[in-house]
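Because the structure is predicted, anything quoted here is derived from the model rather than measured.
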Amino acid sequence: MSDGVPRGLQVKRARGLSRTVRYQNRRRLLMMAEGSKADSRADRGGMAGNFDLNQPLVGAGLESPADEEGVHVSFSQLIAEQCQDGEDLDGFELQQLDEESRDYVTELGSGFEYSGRGLNDMEMDSDGRQTDPLVSVPWSSATMKILSSMPSRTIGRSRGAILSQYYNKTLQLRRRSQSRPSIRDFSRSSRPSIRGYGMEVDVTDGPESEIKKRERLVNNLQNLSVGDRMKMLRGMPLSVAEKKNLRRLTLQKDKSPTSSSKIPCCSQLKYYIIIAVRHSWYSWLSFLHSLQLWQFLLKRVGGRFGTGVLSYFLFLKTLLFFNIFLFLVTFLFLVLPQAMHPPELPEGGRDFTGLELISGAGLFTDTLMYYGYYSNFTLQRSCAGEHNRSASSDPDCLSKRFSYNMSLAYFFTIGMSFFITCIILVYSMSKSFGRSFRIDKSYSILAMKVFSSWDFKVIKQTSVELMSENNCTQLKELLAEVVQKKEKNSPCQALWRLMVHGLAWAICIGATAGCVISVYFFSEYMHKDLQRTSRQANANPLLKEASLLALPALVSLLNLLLPGLFNLAAWMEEYHSPSVRTYVALGRNLMLKVSVLAVLCYHWLGRVAAKPNDINLVCWETFVGQELYRFLIMDFIFTLLNALFGELLWRLFSQRVLRRGRKPAFDIARNVLDLIYAQTLAWIGVLFSPLLPAVQIFKLLLLFYVKVSSVMMNCQAPRRPYRVSQMTTIFITLLCFPSFLGASVCVTYTMWSIPPSTSCGPFRNLGTMFQAGKRWVQELEKNNPDLSVVARVHAYLVENPFFLFVGAGIFLIVIYFYSQVVDGQRKVIALLQEHIEKEGVDKKYLITQLQSVHERKKRIPRRLRSQDSGC
Amino acid sequence: MGATASQLDKGMLSEYQELTYLTKQEILLAHKRFSELVPKEEIDRINCRIPMNLVLTLPELKSNPFNERICKVFSTSDSHDGSLNFDDFLDLLSAFSDSATLEIKSHYAFRIFDFDDDGTLGRHDLEKLVNCLTGGTDDTNLTPEEMRQLIDNILEESDIDKDGTVNLSEFQHVISRSPDFVSSFKIVL
């Protein structure tokens, strides 16, 4: 029984090529009938016949695509010959196949051994010809020619193949613009598979096939719209010279009919307008491109540290754009109108002491910086402008009055800017998810690593050396992981590891809890201290201001020191997988920052805002704005100190004292979390201090230069592999989920339920800030009854929670549908992969057939010759 | 047909903009850098070629282990010597630019990695590729046994039709699942 397969193979090999079509059909039927059996056979076939088809080609010198045509001719000849040859074997084959399949049934149990034997038999079979992959296989020249002209090998190489591939693509594009045929309309073979490339390797093609293909392609290109044509031309992997040629041909043919047939004047005009618009659009785009910030510096960083560290700086740039957007909105709609109509301030001039820059209080208190300065008037201006007083007496000027309701503007500006930021964030998050999330989940780590790990941006010699060294160690590690497939730890070891992890987590959680408690009590203490000093009339204002700096300093110090402790804990734990290590570090840092921020928010909104009179505050919003300003500035100072002393001293220490050759690695995760923390503060602060984004912009700009120089001087690229796009997704998600969501919850809570100060700010006469909007809607309804629909919609949508639930329900349903679609796609992918594998088996079978036929052909003349000589 | 090395007129500029993924600024910069490399006596010749060794003096390509392959892939010279004319140079930059699609990037990556130009990545290509990645010096090299295992694993993971080599579609399939590829397959002038 054991020699069933080799015998089958031999028999098959003896049969002609014409069988193959029928064979395939039969095989398919067989597959359908026997299901898993056929699968196992395909697998076995794959393992048994693992030739290295590439090997002989190296020496054969058949690289030139020009050989293509000759090859097809020989192929068709062979087919024709074999058609006559093997007709009579048909019945026998069927019988044989049945027998064979029975063999498989009985052999299924011992699958693995069997395939090993199959391999051996394969190597031994038919007059001891060796098919070992590493030894060059004596393929005949015809076989090699056919091999080298296989579609799978010519796609990337031959110009004709690329042309016809793109011909098909343009055809598809045209078809799609007309109507999209359903997949059922295609014949089985043209369903998506390798054949989707639509290689038309038709045998009848003469030497002029390439010209023909090009002509057809040009024809198709002409029928596309200008934009599509350009996209197509750009996307072709051909040389520019070739593309120029194509473009010229396309344009030539394009022009000739238009010039001969008189086109109407207006469409010509339209044509020119389109061209002009397109040109200006291009120049606008390239202008935007030339504006790209810090391109040179980013290139240097990327050239030295690779994509991982670069992602930190790109994230910083993203944050900068968010802040610029926020700043522009608040500046245009709040600061500018208010600056044009400054309110009258009580004369109590304070001197500039220098402490303001850090504390944000003192001279800065009654400025555009903070909430308290903004008035609740409707700013008004007569239609003809202020310089023309006589015009204001004009009767119809009253109706053209330009009015600006400050409280409403404040409410809507903050609301809209948060809303737009939210949309941008969600959009970039989904885009980033789309990029890093893949539908099929097969893990090809090694192949991915080898094919896409080289960072072509890195140009510095030492960095290149470092990168190749890192690549080598990573490859070795990955290989060891893959080969050993996780050797089982003994229970004792597992227990030990569990204990170590538990200890590390206990330390981290304990430290975080300690921090939170200390911040809580310290803020309480400072609050009481403030109450005490506010009652004393003769307290030194400077000292008071300076004492306010204690809380931000403490928090920033904790933020600086605790990540070091976390790193220590992680070092103790010795995580094997770098991604787990990064996630754990991220999780711990996030835990710290979120809990500290939560305590602070409670401090501001629960203590300060609830009882502003306790500390003698006229305007608690301004005070909170100042606090946020202080936190931002203090965070910045500590970051600078960290860059200067932390990184510099650590580098000197590790190089001089520890005598390590390496510089410390740049901790991307921690630095990004610092950025996110600062951004959260800025978002919370916008409500209380509309100019806070400007401070943040300034801070980010400075930070960029400081970090670039610090990184250049003190750091080197991380040793561990760093999955950039996955990490970028996580960063954006973190920015969106705890950071932005937390900030907007804070702001919304403040607007909805905390009563604003009664004597300052745009909402001074209102119960809550939200009432500004409500009152406006009511007024609108009163003034024009036609708009009562708006009021009703407002009442239903905003004040009724039912719609919220409906919205959430629809959202969940949509998500469910999408997940179902993804699931279906996964199944289709699995089916297609199976299909490809089977086609591969077929291909191999065909090639061996071809080889044997060729050998037989060679042998027959020899035999004839020997007979001749015998005679 | 080609550009004179000394100037670049407006029509050509827009043509290049249409055919490549480069912006106007990038094309002009590329032209400047290219003209700097052209030997003095050839500066007026139309469509002049820079030999490979001169191209490789560019700092962007100098230390790249794939630099010779890159030149050879993008060269349209008949003698396959890796020399580049301006068109080829733009082609190179376009494929490595920010806005080039994954498809075109993976196509050229495949051709760069296909050391013997036979249209598929066989064992030899993979071995050379790994050697380029690891620097190929003696102390950082993988042992032959490790190399064999590595290549076996790569083939097992990516060779879907099990013919012992990785062809373009299989390569693009792997690349499409590796989102970092697009960001790392870039050369900026």
Worksheet item: Which of parallel (below 30°), tilted (30 to 60°) and perpendicular (above 60°) describes Phe185(B) and Phe456(A)?
Response: perpendicular
Worksheet item: Are side-chain heavy atoms of Val240(A) and Phe89(B) found at a separation under 4.5 Å?
Response: no
Worksheet item: Salt bridge or not for Lys243(A) and Glu15(B), using N-O below 4.0 Å?
Response: no
Fill in: Region of Phe74(B) that comes under 4.5 Å of a non-hydrogen atom in chain A
neither
Worksheet item: Tell me, do Ile459(A) and Lys62(B) make a side-chain contact under 4.5 Å, heavy atoms counted?
Response: no
Fill in: Which of Leu150(B), Val182(B), Leu92(B) touches chain A most, by non-hydrogen pairs under 4.5 Å
Leu150(B)
Worksheet item: Is there side-chain contact between Phe451(A) and Leu129(B), with at least one heavy-atom pair below 4.5 Å?
Response: yes
Discussion item. For chain A, which candidate among Phe113(B), Phe171(B), Phe96(B) shows the most heavy-atom pairs at distances under 4.5 Å?
Written reply: Phe171(B)
Item to complete: Specify the closest pair of heavy atoms between Ser63(B) and Val464(A), including all atoms of both residues, with the distance to one decimal.
Response: O-CG1, 3.4 Å
Discussion item. Does any part of the side chain of Met236(A), heavy atoms only, come nearer than 4.5 Å to the side chain of His107(B), both counted from C-beta?
Written reply: no
Practice prompt. Report yes if some heavy atom in the side chain of Leu133(B) is under 4.5 Å from a heavy atom in the side chain of Ser468(A); otherwise report no.
Written response: no
Worksheet item: How many angstroms lie between NZ in Lys186(B) and CG in Asp455(A), if you round to the nearest 0.5 Å?
Response: 9.5 Å
Item to complete: Over all heavy atoms of both residues, which pair between Ser184(B) and Ser452(A) is shortest? Give the atoms and the distance, please.
Response: OG-O, 3.6 Å
Worksheet item: Hey, mind stepping through Lys457(A) and Ile187(B) against side-chain contact (heavy atoms from CB on, under 4.5 Å) and telling me if it holds?
Response: CA-CA 5 Å; Lys457(A) 261 186 275 184; Ile187(B) 292 178; over 6 Å; no
Practice prompt. Please answer whether the main-chain N or O of Tyr21(B) pairs with a side-chain N or O of Arg234(A) as donor and acceptor at a distance below 3.5 Å.
Written response: no
Worksheet item: Contact part of Ile175(B) toward chain A, heavy-atom cut-off under 4.5 Å: side chain, backbone, both or neither?
Response: side chain
Worksheet item: chain B: which of Val450(A), Leu246(A), Leu310(A) shares the most heavy-atom pairs with it under 4.5 Å?
Response: Val450(A)
Worksheet, complete the sentence: Okay, Ser14(B) and chain A: the region with an atom under 4.5 Å from a heavy atom over there is side chain
Worksheet entry | Contact class of Leu126(B) relative to chain A, heavy atoms under 4.5 angstrom | side chain
Worksheet entry | Pick from Glu465(A), Gln461(A), Arg247(A) with the largest number of heavy-atom pairs that fall under 4.5 Å of chain B | Arg247(A)
Practice prompt. Could you look at Thr101(B) and say if it's the side chain, the backbone, both or neither that has a heavy atom under 4.5 Å from chain A?
Written response: neither
Discussion item. So for Ile70(B), is it side chain, backbone, both, or neither that comes closer than 4.5 Å to the heavy atoms of chain A?
Written reply: side chain
Worksheet entry | Heavy-atom side-chain contact between Cys132(B) and Trp454(A) under 4.5 Å | no
Practice prompt. Return the option, out of Val166(B), Leu61(B), Asp91(B), with the maximum number of heavy-atom pairs under 4.5 Å with chain A.
Written response: Asp91(B)
Worksheet item: Does Phe181(B) reach the side chain of Met448(A), with side-chain heavy atoms less than 4.5 Å apart?
Response: no
